[in-house]
Structures are given as C-alpha cells and as structure tokens.
Amino acid sequence: MTNYAIPLWDTPTVPVVDGDPFPVHRIFCVGRNYAAHAREMGHDPDREPPFFFAKPANAVVANRTTVPYPDETSDMHPEIEMVVALKEGGYRIPESAALDKIYGYCVGLDMTRRDMQSGFKDMGRPWDMAKGFDRSAPMSEIHTAAFVGHISAGAVTLAVNGEVRQSGDVNQLIWNVEETISYLSGLIELHPGDLIMTGTPSGVSAVVKGDHLAGHVDGLTDLDITIG
Ligand code: MN
C-alpha cells in the first residue's frame, strides 16, 4: 500500500444499473455537436471540426438529488446530453474499434454558467470556470452496453417543470459516438473511466432555484435533478 503526502480522496463514481459503481477518471465534453444548437449559439455547423472541453471528475452529481444554484452567474443553463462511459482507452483509436471501448451509457447535464461563458468567448479566455465548476455534471445511472447495446438513435429531451425545452435525437449528432471517440483519442490518450458528454440539442435556456429538471435519452434511466 502506497503512502501519500496527504490523505487520498475518494474516487468520484457514477452508479451502474445492476453493477458496481463506475470510477470516473476524467470528463470530456463535445461542443456544438447538434446543428440546431450550433446555430442557436451563432455558429455554422458545417464549417467546424469537433472541439472539446473538460470538467473535473469530481463534478459528477448523483441522480435524484438537489443541486445548489452555482455562485457567480445569473444565467445558468443545463444542457441535456447522452454520456458515454469508457471501459478501455487508447491513442488514435480507429472508428471501427471505438464501440469496443465503451462500458455503457447514461444521461448527463452539462451545467453551464452561460453569462460567464459568453464573457470568456468575447475575451478569448478559457471556458473552464463556466463549464467545469463544482457539481456541474449530474449523471443518471449507467446502463452497460452489454445489456442495452450501443445507442446510435433515440430521443434526447430535457423538461423543466414538466415543459419540454430541449428535444433532439442521438441520430442528429454531427460527430457520432465512433467519430467522437476516434477524433478525441487523436488529441489525447483516452483511459478507462473517462466519460464523454456527446453534446446537446437546441433549446438551451436558463433555470432558477426550485426548478425540476427531467432529462431523458431513450433506453436509459431518466435524470431527475432539482435546482436548490
Ligand atoms: Mn454541452
């Protein structure tokens, strides 16, 4: 057993349906991966290669909990996303081998301090504090690919207080799951325990304290979060 200079912290985990908890290594996110969302954010989806940002592993939040409204924003947007959990890593993974790296799938929210992000964009500054703040990645329980198969189509929706605000389909991803894994693994070596948030459909908008968020991806456990 290794001794450390300070006490070792707990590994962040996401529960697995009928399985042991999934240990989170890192959280990567794809930007503007649905055309309608790229357009609503002022970009041309046909002219951009995929780009990525990251959240800390300890940004994960368990399903069916209350997430405090974050400080330093008055325009917090939840982005509903299908999340891919990797059981194996690799560098320059070919698309043909990408699905074999996947442990399972869940529903996630890419919480965003949109006002802060807009300011950073204007100033050419990094997005980290707008995207990777504490408790910025609520996740539903992971379903294993061995049990539910691989997901290449199906509704992706976010309802706020019962009203559907975001609605799309996994088959509308500009860069599908295989392409995303392959491309990202050409930028950095992927590892077991990495989560990839695959992007959000259009309809993003602000939420406030007391709002109830119901995130859905066909075939997966719904994500139910209250903003506190
Ligand atoms: Mn996102």
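We count ligands from 1, going down the list as the structure has it; atoms in each ligand are counted the same way. The figures here come from the full heavy-atom set of this structure, side chains too, leaving out hydrogens, waters and symmetry mates.
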Query raised in the report: Should Phe120 and Trp127 be marked as a ring-ring contact (aromatic ring centres under 6.0 Å, His included) after you check the CA-CA gap, both sets of side-chain angles, and the distance that decides it?
Result: CA-CA 6 Å; Phe120 291 158; Trp127 291 6; 9.2 Å; no
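A salt bridge is defined here as a Lys NZ or Arg NE, NH1 or NH2 lying under 4.0 Å from an Asp or Glu carboxylate O, and Arg32 with Glu40 fails to meet this definition. Lys101 and Glu178 are not joined by a salt bridge, as no carboxylate oxygen comes within less than 4.0 angstrom of a charged side-chain nitrogen. Under the 4.0 Å criterion applied to side-chain N and carboxylate O atoms, Asp110 and Lys55 are assigned as salt-bridge partners.
The count of protein N, O or S atoms under 2.8 Å from the Mn ion (ligand 1) stands at 3, with waters excluded from the count.
Between Trp175 and Phe52, the distance separating the two ring centers is not shorter than 6.0 angstrom.
Aromatic ring pairs are classed by plane angle as parallel below 30°, tilted from 30° to 60° and perpendicular above 60°; the pair His25 and His191 is perpendicular.
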